[in-house]
4 protein chains.
Amino acid sequence: MKKNKPKYKQIIDAAVIVIAENGYHQAQVSKIAKQAGVADGTIYLYFKNKEDILISLFEEKMGLFVEKTKEVIAGKHSAKEKLLVMIENHFRLLSEDHHLAIVTQLELRQSNKDLRLKINAVLKEYLMLVDAVLREGIELKEFAEDLDVRMARQMIFGTIDESVTTWVMNEQKYDLIALAPTVHHLITNGCGAKL
Amino acid sequence: MKKNKPKYKQIIDAAVIVIAENGYHQAQVSKIAKQAGVADGTIYLYFKNKEDILISLFEEKMGLFVEKTKEVIAGKHSAKEKLLVMIENHFRLLSEDHHLAIVTQLELRQSNKDLRLKINAVLKEYLMLVDAVLREGIELKEFAEDLDVRMARQMIFGTIDESVTTWVMNEQKYDLIALAPTVHHLITNGCGAKL
Amino acid sequence: MKKNKPKYKQIIDAAVIVIAENGYHQAQVSKIAKQAGVADGTIYLYFKNKEDILISLFEEKMGLFVEKTKEVIAGKHSAKEKLLVMIENHFRLLSEDHHLAIVTQLELRQSNKDLRLKINAVLKEYLMLVDAVLREGIELKEFAEDLDVRMARQMIFGTIDESVTTWVMNEQKYDLIALAPTVHHLITNGCGAKL
Amino acid sequence: MKKNKPKYKQIIDAAVIVIAENGYHQAQVSKIAKQAGVADGTIYLYFKNKEDILISLFEEKMGLFVEKTKEVIAGKHSAKEKLLVMIENHFRLLSEDHHLAIVTQLELRQSNKDLRLKINAVLKEYLMLVDAVLREGIELKEFAEDLDVRMARQMIFGTIDESVTTWVMNEQKYDLIALAPTVHHLITNGCGAKL
DNA sequence: GATGAATGAGCCTTCATTCAT
DNA sequence: GATGAATGAAGGCTCATTCAT
């Protein structure tokens, strides 16, 4: 299994750094190889082509995202609390890796439609976690019983994503994690949570 | 003023069509020129370079957006109502021009970071309209008095944008405008509006 | 029509020289462009890709071959005479253009199977001229009445081709045209011509 | 002597199969190694480089050719008969090994000039057998006394080679060996044999 | 003002060969 | 002797922009 060999992760981490520092269109394979400390050709022992590096990058990192999210919500018993820790977790993971934040919020969006469709497929698992929490909140009568789950999920993801992108565009000058309660307040209100 | 000459708009409209139908990376200057019915070189009599076409495109179309938005909110007296017509207006303008929807939601996001920063500057005027409505709502006690305007605006724009993008990615198969009340409900709730 | 523009022939002639002097695998597009005195990109205004240069080269030159061959046999009344002038013509055209001889006999054969199949299609017209002469010779009772035209044509083409290739491999050190009568004698004998 | 170790022949046979089935340019060393059931690096214990595999392949197979040819002409007493069994032998050996036929007639010709010069050196022994038979035929007055041996040999080899190549290009659809008498008739006639 | 032929910089990928184990 | 992971050089093609007409 190639994914477990050290160079696999080495190359992905190099790609994050190179893309963050040079931009998507200036992230040549040769630059990634150099950053990873391997020869250009070695990249192709672990990835089918350049696009494959980017998809794998997203899968690896988003995998951690989903895993971590599952962990943090496991200990919470109300949907409201779960949403809070999800937002905090989302903000924290990107705050802790500034390069990754730039890559996911700005650079990877420049990829072509095909790549973005594949990225969306990876995102789906994350969005399904949100859906599950929303449905739980409705059942527990925390949220409005007529809440439109799909639209609420789009609000939640849209709000979180827009918040992170704005923060990255402002060069990460302020404390993103500190915004979590405000964002949480806005979206749970949106979902009809009683105050 | 070049903007008033017929070929200026002709080229921008050609760009929207070409980008929507071929994708950002397949929208070569020569293709746009052909669609516009002019020679390649003529483009450069009206635009500094290719990036300038895209910024101008965004400015032109977003200008109409702001203008229309101002019109529709003019007749409304509550912030809540104003938000509703803004959402409806946003959804309607993109529903009416499928090419434009593809370009703004999918294709233009593939542009490089620089172009997107410029696009964000153009967006600012639109976001300031949202801010004004929010502040008005707070003053009129329609919304929570401690509402964080900046974050609320990010929620509103993020939610709207995510809704439109999802709709475009689903190939515009359902009625976007019909979603306006649901979205409105979610975000005014988020802003603490009493039911 | 691109074929009539001066740069079309200019590039083909450059390709013949570059391939002859550097070998097929060392004939980079950039080298051909330099030899032709145009930019690399200009090549692609006249040819679809590198393979297209080679096929066009063959078509152009073989077209002259067929044309010239038709001319020289037009004035002759016996099949035997026609074969003689065909051989002489074949030898003369390649003797007069040493670069072309190298390209057709050695370098172009290194092209991949696909290209060679296309080249064979171009050759067909030339081979059909041989067939016509052979059938005429049979009818005029110059050749054996039971002559197998297809095999005789393979003998004729194989013999001529082998003679030229050997001459090229020997660095064109001797007079190729002087061999025509000998070759002619061998193949007409082969076809059963009376002495 | 490496040539006697089992892996030597194993690799050569693998090369014939891989080249025939994939084409010269798709016959990577790693593919040959896999087909031979050895590691890539092992190839280099038996061959200097890739070109060396091909030359050795040709030497081995052509060695069998010459050997067999000597055998079949040993029992014949006239030059004419000898030529017939040589042609039959040539056709039979390639008919019996379709892979080898593809490799010698189509794929190996795509090798570069250098390799082909070396291949020609290997061929020389075979051609000298033809020369010997021709000189014998002249002495025995079977052929014209003024026969140009070199040109006659080129006719014979060119005709045989062209016949085989045409047969391979037609995907070996007809019986090649059945053509031997016709080819024999053509070339002995060409050499001035009395009927 | 309008044209469109010409330019040329820039990059992903392959694969023969090596060498530490 | 055998392995196979790692190397790194090399080239065809695209397309935004220019400029002579």
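Quick caveat: nothing in here was measured; it's all calculated off a predicted structure. We name chains A, B, ... by the order of the sequence lines, and we start the count at 1 in each one. The figures here come from the full heavy-atom set of this structure, side chains too, leaving out hydrogens, waters and symmetry mates.
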For B/H99, enumerate each residue passing the ring-ring contact (aromatic ring centres under 6.0 Å, His included) test, keeping only those at least two apart in sequence or located in another chain. none
Gap between atoms CZ and P, on C/F47 and F/dG12 respectively (whole Å): 15 Å
DNA chain F: D/K7 or B/Q28, which has the more 5' nearest nucleotide? D/K7
Sequence neighbours left out, cut at 3.5 Å: what donor-acceptor pairs do the side chains of residues 54-63 of chain D make with other protein atoms?
| unit_1 | atom_1 | unit_2 | atom_2 | d |
| --- | --- | --- | --- | --- |
| D/S56 | OG | D/D52 | O | 2.6 |
| D/S56 | OG | D/D52 | OD1 | 3.4 |
| D/E60 | OE1 | D/K9 | NZ | 3.0 |
| D/K61 | NZ | D/D13 | OD1 | 3.3 |

C/V168/C/T165 under side chain to side chain contact (heavy atoms under 4.5 Å, CB included): CA gap, chis, key distance, verdict: CA-CA 5 Å; C/V168 173; C/T165 300; 5.7 Å; no
Looking at C/T42, I'd like to know whether one of its side-chain N or O atoms comes within less than 4.0 Å of OP1 or OP2 on E/dA6. no
Listed in order of residue number, which residues of residues 10-25 of chain C have a non-hydrogen atom at under 4.0 Å from DNA chain F? none
Find the distance C/K34:NZ to F/dG11:P and express it as a whole number of Å. 14 Å
With under 30° as parallel and over 60° as perpendicular, where do the rings of A/H25 and B/H25 fit, or are they tilted in between? perpendicular
Between D/Y126 and D/F65, what is the ring plane arrangement, given parallel below 30°, perpendicular above 60°, and tilted in between? perpendicular
Rounded to whole Å, the CD1-C1' distance (C/I32 to F/dG11) equals 12 Å
Does A/G37 or D/A39 map to a spot on DNA chain F nearer the 5' end, using the closest nucleotide for each? D/A39
Show me the protein contacts with nucleotides 17-21 of chain E, counting only N or O atoms at under 3.5 Å.
| unit_1 | atom_1 | unit_2 | atom_2 | d |
| --- | --- | --- | --- | --- |
| E/dT17 | OP2 | D/Y44 | OH | 2.9 |
| E/dT17 | OP2 | D/K50 | N | 2.9 |

Given side chain to side chain contact (heavy atoms under 4.5 Å, CB included), test B/K7 with B/L45 step by step and report yes or no. CA-CA 10 Å; B/K7 290 198 178 162; B/L45 298 174; over 6 Å; no
Which helical stems does DNA chain E take part in, if a stem means at least 3 consecutive Watson-Crick or G-U pairs with both distances below 3.5 Å? E:2-21 with F:2-21
Sequence neighbours left out, what passes salt bridge (charged side-chain N to carboxylate O under 4.0 Å, His left out) with D/K50? Give chain and number order. none
Residues, nucleotides or ligands: over 12 heavy atoms within 6.0 Å of C/E21 CD: yes
Using whole Å, what does the distance between atom P of nucleotide E/dT14 and atom NZ of D/K31 come to? 12 Å
Is the backbone N or O of B/G23 less than 3.5 Å from a side-chain atom of B/E107, with the two atoms forming a donor-acceptor pair by type? no
If you measure only the distance, is there a donor-acceptor pair under 3.5 Å linking the side chains of D/Q28 and D/N22? no
Give the rounded distance in Å between these two atoms: CG of C/L45 and P of E/dG8. 13 Å
If I take atom CG in residue B/D52 and atom P in nucleotide F/dA16, what distance separates them, rounded to the nearest angstrom? 14 Å
Quick check: on DNA chain E, is the nucleotide nearest D/Q26 upstream (toward 5') of the one nearest A/A27, or the reverse? Name the residue that is more 5'. A/A27
Are A/I12 and A/F47 side-chain neighbours, meaning at least one heavy-atom pair lies under 4.5 Å? yes
Within the structure, does a side-chain N or O atom of A/Y46 lie under 4.0 Å from either OP1 or OP2 of F/dA5? no
